[in-house]
Novice: 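Got a structure for you, written out below as structure tokens; questions coming shortly.
We count ligands from 1, going down the list as the structure has it; atoms in each ligand are counted the same way.
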Amino acid sequence: MTKIILLISLCISLFANDKAHQFAPSSDCKECHPKIYEEFLSSMHGNSTIQKDPIHRSVWELQKEQTKTQRYACGKCHTPAANDLDKMLTKDGKVMPQADNQTHQEGISCAYCHRIESIELHKQSNTNIISKDEKKYFGNLKQHIDSPYHGIISEGNEHMKNGNVCIGCHSHKMNKHNLNVCSTNIDNELDGANCVSCHMPKVDGTVSNLYETKQHTFHGFAGSHSHSDMLSKYVNISLLRQIDNFIVNIDNQTSHSLLLHPLRTGVLKVNIKRGDKTIAMEPKLFVRVLGKDGKPAMPWVADKVIKNTMITANEKRSIKYDFKIQTSDIVDVTLGWYLVAPKALEKLGLKDEDVATKFTVFKKESYKF
Ligand code: HEC
Ligand code: HEC
Ligand code: HEC
Ligand code: HEC
Ligand code: HEC
């Protein structure tokens, strides 16, 4: 896969995502693709800006304060459709994301993603190459009618199907200290599954309202903020009862770690119901903590991973509990996460922010003995 991208990127003149381009606003797509539009609005791609994502905002504000930076370098991936993106990314550009600039609020917009022609690989972070034609969109429909609004390129753009379209922003992000802050396994083809097939499955409802189809590709981008129920089938939980103890097995059938962003904390909760009593086991935490000098540090300061207990790609993790299960016990096992590690809430000023403090239940199993 990597070879193909390199080849493609060598052949194409630069029209990259760190430059400013004009994109049709996503609201233009609503008229004919209302289902896809509605899903997109609820997704983190539709809400990736500092005005719409309080977690992103708080991290950015702390970083801005601590590093005294004058540029919003995050824009390369968080507001790539900004009309003055080039200025946002330059040191003295002094362009910050504005609430009243519609192009700053588009997020990873429909037209942006559908104009990614290829991906250039770079050490710090990759770069998307954007097609010059503003009104021709890459897609994958085997059969389609013409669109009265835009051209369609359905052939020869495998990247829309195999997940390469995602890795311009998702493969890795290196900080100044050469530490990879956040990465996804880009060799993501696993048993035929990839970023698109897992995160954008086919769901009921028509692609457009000009031509009725049974299904369309889900554009709510199932992930850790929302629709995680669509992904729970990729992680299996089982329980093994032994004479004096029991083991909970977590089988991660995903090509990347269970959680990717260093802010996350995964949690395994186990409760045993015995008669009218509930006995809670000590919660098990899954984290990847970045740090400096042996202490946890924010992503822009950190130069090492100081602790990594995250469940990794394709890992089968076994957790032993020294507890003897009795007949007629009921064991409830819950796997879930906090989007922001509870210990970081105070520092980030996120204590009263629901999205940062709530516990998301990803998968729940109950075993009767
Ligand atoms: C190379 C692309 C890229 C750049 C540049 C980038 N990000 Fe991100 N960011 C991402 C991706 C992809 C995610 C989603 C990761 C995930 O959910 O695991 C993300 C997620 C986040 C999140 C989690 C948001 C949430 O709601 O949980 C925070 C916080 C964040 N980024 C902060 C920043 C800040 C601050 C900057 C700029 C200093 C920045 N990012 C620059 C790609 C990028
Ligand atoms: C006036 C109606 C109309 C508008 C507005 C519109 N589209 Fe479409 N689009 C269509 C039709 C019709 C199709 C073909 C659907 C089919 O055959 O099932 C289509 C197909 C597509 C495809 C699929 C291409 C493929 O081969 O997979 C993409 C991608 C797409 N549109 C993106 C967009 C984006 C992005 C916008 C907004 C910037 C937009 N459309 C606005 C009518 C429209
Ligand atoms: C232009 C950059 C960019 C591209 C291209 C991109 N993403 Fe993202 N993606 C982001 C950013 C930035 C975030 C985090 C937004 C936030 O939380 O504020 C994100 C978040 C996500 C999330 C997390 C959603 C959640 O609920 O937490 C998933 C899943 C995701 N992207 C999947 C994909 C897939 C699949 C593709 C390819 C089809 C893709 N992304 C392409 C930038 C991008
Ligand atoms: C992060 C990238 C990304 C964003 C943002 C995005 N799409 Fe897509 N879209 C894709 C990918 C990838 C496919 C191909 C899926 C496949 O082949 O299974 C696709 C498929 C489609 C199709 C083809 C029909 C179908 O259902 O498969 C249409 C139409 C479409 N998108 C319209 C839109 C519209 C309208 C928006 C905004 C409301 C949008 N897309 C936002 C990545 C994106
Ligand atoms: C086999 C299915 C599968 C494949 C392939 C896959 N993912 Fe995931 N992804 C998951 C599961 C399961 C989760 C965890 C549950 C959740 O976040 O809802 C997840 C979570 C994520 C998250 C949220 C992580 C966080 O910390 O917030 C992002 C972003 C993401 N995946 C992006 C990608 C990208 C980009 C690719 C392709 C390079 C990809 N995934 C490939 C299944 C998959």
Novice: Given His170, Arg264, Met298, which has its nearest heavy atom closest to atom 16 (C) of ligand 1?
Specialist: Arg264
Novice: I'd like to know if Gly163 contacts ligand 5, where contact means a heavy-atom distance under 4.0 Å to any ligand atom.
Specialist: no
Novice: Between Cys195 and atom 8 (Fe) of ligand 5, is there a contact where an N/O/S atom of the residue lies under 2.8 Å from the metal?
Specialist: no
Novice: Counting backbone and side-chain atoms alike, is an N, O or S atom of His45 positioned under 2.8 Å from atom 8 (Fe) of ligand 3?
Specialist: yes
Novice: For atom 23 (C) of ligand 3, which protein heavy atom lies nearest, and how many Å away is it?
Specialist: Gly223 CA, 4.5 Å
Novice: Is Asn128 in polar range of ligand 3, meaning some N or O pair under 3.5 Å apart?
Specialist: no
Novice: For ligand 1, which atoms, with element, lie under 4.0 Å from some heavy atom of Trp60?
Specialist: 35 (C)
Novice: Please find the pair of heavy atoms, one from Gly107 and one from Thr49, that lie closest to each other, and give the distance.
Specialist: N-CG2, 4.2 Å
Novice: Is Ala222 near ligand 5, meaning one of its heavy atoms is under 4.0 Å from it?
Specialist: no
Novice: Tell me whether the rings of Phe218 and His227 are parallel (<30°), tilted (30 to 60°) or perpendicular (>60°).
Specialist: perpendicular
Novice: Checking contacts here: is it the side chain or the backbone of Val165 that comes within 4.0 Å of ligand 3, counting heavy atoms only? Could be both or neither.
Specialist: both
Novice: Using a distance threshold of 2.8 Å, state whether an N, O or S atom of Cys198 lies below it from atom 8 (Fe) of ligand 5.
Specialist: no
Novice: Flag His78 as yes if one of its N/O/S atoms falls below 2.8 Å of atom 8 (Fe) of ligand 1, otherwise no.
Specialist: yes
